[in-house]
Amino acid sequence: MQKIKSFIRARTKIQIGIFALILIVAVFVFTGGDNPKTESIVERGIVEQEVAATGKVRSASEVNLGFERSGKVIKVNALVGDAVRIGDTLVVLDQSDLLADIKKANASLNDALISLSKANRTSYSDYSNAYSKLYVALTDAYTDAKDSILNTADRFFWSPSSSSPKLEISHVSNGNDVKFYVDDILARNISVDRGGLNDMFVAWDLSISNAKTSSNGLDDELALTEKNINEVKNFLADLAYILNTIKGYDQSYESIIAGYKTSVATARTTLNTSLSELLATKSSYLDAPRELSQGSGFDAVLQEESRVEAARADIESLESELSKTILRSPIAGIVTKQDAKVGEIVTSGMQTTSVVADKNLEIVADISEINIGKIEAGKGVSITLDAFPGEVIQGQVLYVEPGDKLVDGVVNYEVKVAFVGAVPNNIKTGLTSSLAISTERKVDVLRIPAFAVERRSGKRFVIVRTDTGEEEREIQVGILGKDGFVEVVSGLSEGEVVLSSQK
């Protein structure tokens with residue numbers, strides 16, 4: 001009985017299998033054995049190409065600070081996490097020895113001034129001689145000031161003699177013009193200042209020329225020259241500060257940047273020397289006695305004036321050293337490092353404190369060599385942050401690093417992306433971001449889905465539905481868009497239907 005049941009079950013399975021096979025064959029015969037085709041209409045639209053990348057948010061302005069002289073820390077005003085403004089005091093070194101030296105230097109200056117006053121009362125002095133020396137000093141000061149701008153500062157400006165000069169710090173290397181990034185506000189302000197110097201030099205030149213034939217003294221020209229020299233000194237100081245803020249350049253350009261700084265420092269030194277000489281002749285001119293006395297010459301006055309200037313120079317030097325005992329923040333931001341501790345000795349050049357700008361943020365990403373050729377400064381970027389999913393922020397490619405680096409054995413290039421508009425308050429440094437960099441966008445071009453295109457032997461083909469059936473046609477394609485559409489350059493017309501097998 002059991003054998004009979006097993007035989008019946010076996011016969012039933014065989015019959016079911018035969019029926020399923022017949023059904024499959026029938027479906028194949030009635031459908032002709034072809035896969036169903038997907039129809040796509042050749043249409044006009046937008047094809048936009050993007051490069052995707054992952055980056056990190058970081059501060060665009062970060063400074064590592066240290067003292068220019070050694071000393072003992074007596075005060076720490078800012079700790080890690082504290083917010084600071086430009087010019088805020090961060091750390092102070094012991095100043096007691098310098099303050100005592102400054103008092104001694106002031107006493108020496110007073111002695112020199114008394115001796116100078118005595119020399120002016122008793123020495124033989126010729127007013128015309130003092131007048132001539134002062135006029136030479138005025139012309140020398142004018143020449144030195146103008147040279148410091150034309151021969152030193154103007155190398156950093158585009159069209160400096162025009163009404164609208166523009167700061168542009170660059171260097172030509174191997175036929176490439178390498179531009180160094182400078183803060184936009186600082187660049188705009190100093191460009192305006194450079195334009196104002198043109199009018200100042202015109203008026204200054206006229207004043208010096210008139211003074212040569214004037215019999216009314218040199219008081220007005222002296223006041224104008226002192227004012228103008230100080231204006232040029234302030235301009236060079238601002239330029240020196242800007243050169244010290246240049247960031248983000250390849251280390252191979254370090255010597256170039258150092259050369260820029262040295263040239264400006266030399267110009268400032270020359271101008272300070274010129275001003276010192278002007279002040280010396282000014283004192284001689286103002287103190288030259290109108291009555292002649294016997295027994296002594298004009299050299300005695302000059303010697304005392306030299307003593308006065310030397311004493312003043314000593315005070316300035318000591319005050320300069322005093323300023324080096326105070327570490328101030330050059331930017332507004334957050335303290336991220338504070339290694340200085342009260343009572344400890346710090347050495348010259350030792351980095352003790354770091355400050356990052358918490359509002360001036362940027363994103364840095366590594367782009368492979370395959371895609372870097374599509375990316376250039378100014379390209380738009382859609383930014384999404386892992387910390388804020390669904391929120392899209394607009395950005396712009398700010399800079400493409402010319403030097404390569406290896407990431408997991410692959411050649412990459414660093415790309416900096418700036419936020420467009422105000423940076424949201426909730427964005428912090430260190431956040432991971434996803435970038436969609438728009439590399440090319442074509443409007444009103446023919447397009448079809450990329451899956452409808454077949455590639456063979458370096459050529460592209462599509463199946464086109466015609467009035468008589470189907471035909472294979474070679475086409476030329478352009479860019480592949482982010483949404484799966486490909487640009488059709490030739491071979492198809494708007495409204496035609498292309499077929500593709502579903503996969």
Side-chain angles (χ1 to χ4, degrees), residues 38-57 60 176-177 179 181 184 361-386 388-402 404 410-424 427 432-455 458-462 473-498 500:
T38 298
E39 295 183 352
S40 303
I41 299 176
V42 182
E43 63 180 8
R44 289 195 173 274
I46 298 173
V47 181
E48 186 173 6
Q49 196 175 59
E50 288 184 345
V51 171
T54 300
K56 286 283 187 181
V57 178
N176 297 321
D177 190 6
K179 291 183 173 58
Y181 173 73
D184 288 339
L361 301 178
E362 65 184 11
I363 297 174
V364 176
D366 292 326
I367 306 296
S368 71
E369 60 180 332
I370 298 174
N371 293 317
I372 196 63
K374 305 173 185 177
I375 298 173
E376 60 185 20
K379 293 292 186 181
V381 184
S382 295
I383 305 167
T384 55
L385 301 169
D386 291 354
F388 310 104
E391 183 178 351
V392 179
I393 304 171
Q394 295 306 309
Q396 188 179 61
V397 175
L398 180 65
Y399 179 73
V400 179
E401 188 71 33
D404 64 287
V410 178
V411 175
N412 279 254
Y413 294 83
E414 186 175 276
V415 173
K416 295 180 183 178
V417 175
F419 291 93
V420 174
V423 180
I427 296 181
T432 301
S433 62
S434 298
L435 309 177
I437 305 172
S438 178
T439 58
E440 191 169 1
R441 188 173 189 267
K442 294 189 176 181
V443 180
D444 195 30
V445 295
L446 294 179
R447 67 177 192 171
I448 58 174
F451 62 75
V453 180
E454 182 181 352
R455 180 175 181 175
K459 298 180 180 181
R460 272 69 170 185
F461 299 90
V462 294
R473 189 182 301 171
E474 182 181 353
I475 65 172
Q476 300 293 324
V477 300
I479 65 173
L480 175 63
K482 63 181 181 180
D483 52 1
F485 280 90
V486 65
E487 175 194 6
V488 178
V489 177
S490 64
L492 291 173
S493 301
E494 184 178 2
E496 287 191 295
V497 177
V498 295
S500 59

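In what follows, every heavy atom counts, from backbone to side chain, and hydrogens, waters and symmetry copies are set aside.
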Please determine whether side-chain contact (heavy atoms from CB on, under 4.5 Å) holds for the pair Tyr413 and Ile375, giving the CA-CA distance in whole Å, both sets of side-chain angles, and the decisive distance to 0.1 Å. CA-CA 11 Å; Tyr413 294 83; Ile375 298 173; over 6 Å; no
Is there a side chain to side chain donor-acceptor pair (under 3.5 Å) between Lys56 and Thr432 once you walk through the steps? CA-CA 5 Å; Lys56 286 283 187 181; Thr432 301; 2.9 Å; yes
Derivation and outcome, side-chain contact (heavy atoms from CB on, under 4.5 Å), residues Asp366 and Glu414: CA-CA 5 Å; Asp366 292 326; Glu414 186 175 276; 4.1 Å; yes
From CA spacing to verdict: side-chain contact (heavy atoms from CB on, under 4.5 Å), Arg460, Arg455: CA-CA 5 Å; Arg460 272 69 170 185; Arg455 180 175 181 175; 3.6 Å; yes
Decide side-chain contact (heavy atoms from CB on, under 4.5 Å) for Glu376 and Val400; before the verdict, give the C-alpha distance in whole Å, the side-chain angles of both, and the deciding distance to 0.1 Å. CA-CA 7 Å; Glu376 60 185 20; Val400 179; 5.6 Å; no
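Interatomic distance, CD of Glu369 versus CG of Asp404, reported as 8.5 Å (0.5 Å rounding). Atom OG of Ser490 and atom CD of Glu474 lie 8.5 Å apart (nearest 0.5 Å). In this structure, Leu435 CG and Glu50 CD are separated by 10.5 Å, a value rounded to the nearest 0.5 Å. If you take CD1 on Ile46 and CZ on Arg441, they are separated by 4.0 Å, rounding to the nearest 0.5 Å. To the nearest 0.5 Å, atom NZ of residue Lys459 and atom CD of residue Gln476 are 9.0 Å apart. Summarising the geometry, atom CD belonging to Glu401 is positioned 13.0 Å from atom CD1 belonging to Ile367; distances are rounded to the nearest 0.5 Å.
In this view, Thr439 and Gln49 satisfy the side chain to side chain donor-acceptor pair (under 3.5 Å) rule, not counting sequence neighbours.
Only one option out of Val498, Ile448, Val47, Val453 pairs with Val488 in a side chain to side chain contact (heavy atoms under 4.5 Å, CB included); it is Ile448.
Counting only heavy atoms from C-beta outward, the side chains of Glu440 and Glu487 never approach each other to under 4.5 Å. Between Glu494 and Leu446 there is a side-chain heavy-atom pair separated by less than 4.5 Å. A heavy-atom distance below 4.5 Å is not found between the side chains of Phe388 and Ile393. The closest side-chain heavy-atom distance from Ile363 to Phe419 is below 4.5 Å. The side-chain heavy atoms of Ile479 and Lys442, taken from C-beta on, include a pair separated by under 4.5 Å. For the pair Asp483/Arg447, a side-chain contact is recorded, criterion being any heavy-atom separation below 4.5 Å from C-beta on. Residues Ser434 and Asp386 form a side-chain contact, since some pair of their non-hydrogen atoms from C-beta on lies under 4.5 Å apart.
Between Leu492 and Arg473, the shortest heavy-atom distance links the atoms CD2-NH1, 3.7 Å. Minimum interatomic distance between Ile383 and Ser433 (heavy atoms only, all atoms of both residues): CG2-CB, 4.1 Å. Here the shortest heavy-atom pairing between Gly55 and Ala365 reads CA-CB, 3.9 Å. Closest of all the heavy-atom pairs between Ser368 and Asn412 is N-OD1, 3.3 Å. The minimum heavy-atom distance between Ala452 and Ser500, with the atom names listed, is CA-CB, 3.8 Å. Contact record, Glu48 with Ser438: OE2-OG, 3.2 Å, taken as the closest heavy-atom pair.
Enclosure of atom CG in Leu480 by more than 12 non-hydrogen atoms of other residues, nucleotides or ligands within 6.0 angstrom is indicated.
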